[in-house]
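Presented below is the structure to which this report refers.
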Amino acid sequence: MSDMGIVQEIRQSTANGPAIVAFDFDGTLTIRDSFTEFLRWRAGPGAWALGLVKLAPALAGYAKDRDRGRIKAASVKEFLLGVGRQTLEAEAAAFAEEIWPRFMRPDALEVWNDWGDRGAHRVIVTASPTTTVAPFARKLGAEALLGTEFVFDANDRITGDFAGPNCRGEEKVRRLKAAYGENMTLTAAYGDTSGDTEMLAMAQQPGFRVFRQKP
């Protein structure tokens, strides 16, 4: 069990264990990107606007290379550099509590809960940082959370780097297999963007943009 109170990665026998069901988070369980909303919420209107101005070169670069990992790293360095782990976790928890009622898709929650009632092992696989998604995962009762990981320095402060690749596309498949084994069976998966294509392709029951309800 991690210090965030949720199992991060569990190697599990898919032969005899419960069905494994993977959910993308942003846009699938939620109505829009949670990390962007968290940064905006944390910064406040003035600092958010100023930060976007400073990010203009990175945004221009993204328009050319479409590298989501690079623009995410630039955003972390602009808005979170040097923030302590405990502070960030407390802020993430407050954000999740405040935004939940107007942020989570009712039809997605219904399917999430249905799989839970059937005893499935539900794992959130997200490109967003696990630190900011963890409060949502706890509230959902997720069995596991896989996502992009911050790097913290010796004083437990954000360095602005990530511990590995942005968790989207093939990286989602790699992370699932690292957690559950190369020969894992993914019973079902749900996603809403091209970053979920590879994960959906390995699922027996793929669901692409099946959730559309807003709170």
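Not measured: the values here are computed from a predicted model. Starting from 1, each residue takes its place in the sequence as its number.
One finds a salt bridge joining E171 and R174 here, because a Lys/Arg side-chain nitrogen approaches an Asp/Glu carboxylate oxygen to under 4.0 Å.
At most 12 heavy atoms of other shown residues, nucleotides or ligands fall within 6.0 angstrom of atom CD in E97.
Applying the side-chain contact (heavy atoms from CB on, under 4.5 Å) rule to A49 yields no partners; only residues at least two apart in sequence or on another chain are considered. Judged as a salt bridge (charged side-chain N to carboxylate O under 4.0 Å, His left out), and not counting sequence neighbours, the contacts of R32 are E37. With sequence neighbours left out, D156 forms a side chain to side chain donor-acceptor pair (under 3.5 Å) with R85. Residues passing the salt bridge (charged side-chain N to carboxylate O under 4.0 Å, His left out) test with E170: none are found, sequence neighbours excluded.
Side-chain atoms of T30 and I99, non-hydrogen and from C-beta on, never get closer than 4.5 Å to each other. Using a 4.5 Å cut-off on side-chain heavy atoms (C-beta onward), V76 and L39 make no contact. At a threshold of 4.5 Å between non-hydrogen side-chain atoms, the residues T131 and I158 do not count as touching.
Between F35 and F38, the ring planes lie parallel to each other; the angle is under 30°, not in the 30° to 60° tilted range.
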Check residues 20-27 and write down every donor-acceptor pair under 3.5 Å in which the side-chain atom is one partner and the other belongs to a residue at least two apart or another chain.
from: D24; atom 1: OD1; to: K172; atom 2: NZ; distance (Å): 3.0
from: D24; atom 1: OD2; to: T28; atom 2: OG1; distance (Å): 2.7
from: D26; atom 1: OD1; to: S34; atom 2: N; distance (Å): 2.7
from: D26; atom 1: OD1; to: S34; atom 2: OG; distance (Å): 2.6
from: D26; atom 1: OD2; to: S128; atom 2: OG; distance (Å): 2.5

Atom pairs and distances, side-chain donor-acceptor, residues 197-204, under 3.5 Å, sequence neighbours left out:
from: T197; atom 1: OG1; to: S194; atom 2: O; distance (Å): 3.0

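No donor-acceptor pair under 3.5 Å is formed between the side chain of R122 and the backbone N or O of E143. Using a distance-only test at 3.5 Å, with no hydrogens or angles considered, no donor-acceptor pair links the side chain of R157 to the main chain of V83. When atom types are taken as modelled, the side chain of D161 and the backbone of V151 share no donor-acceptor pair closer than 3.5 angstrom.
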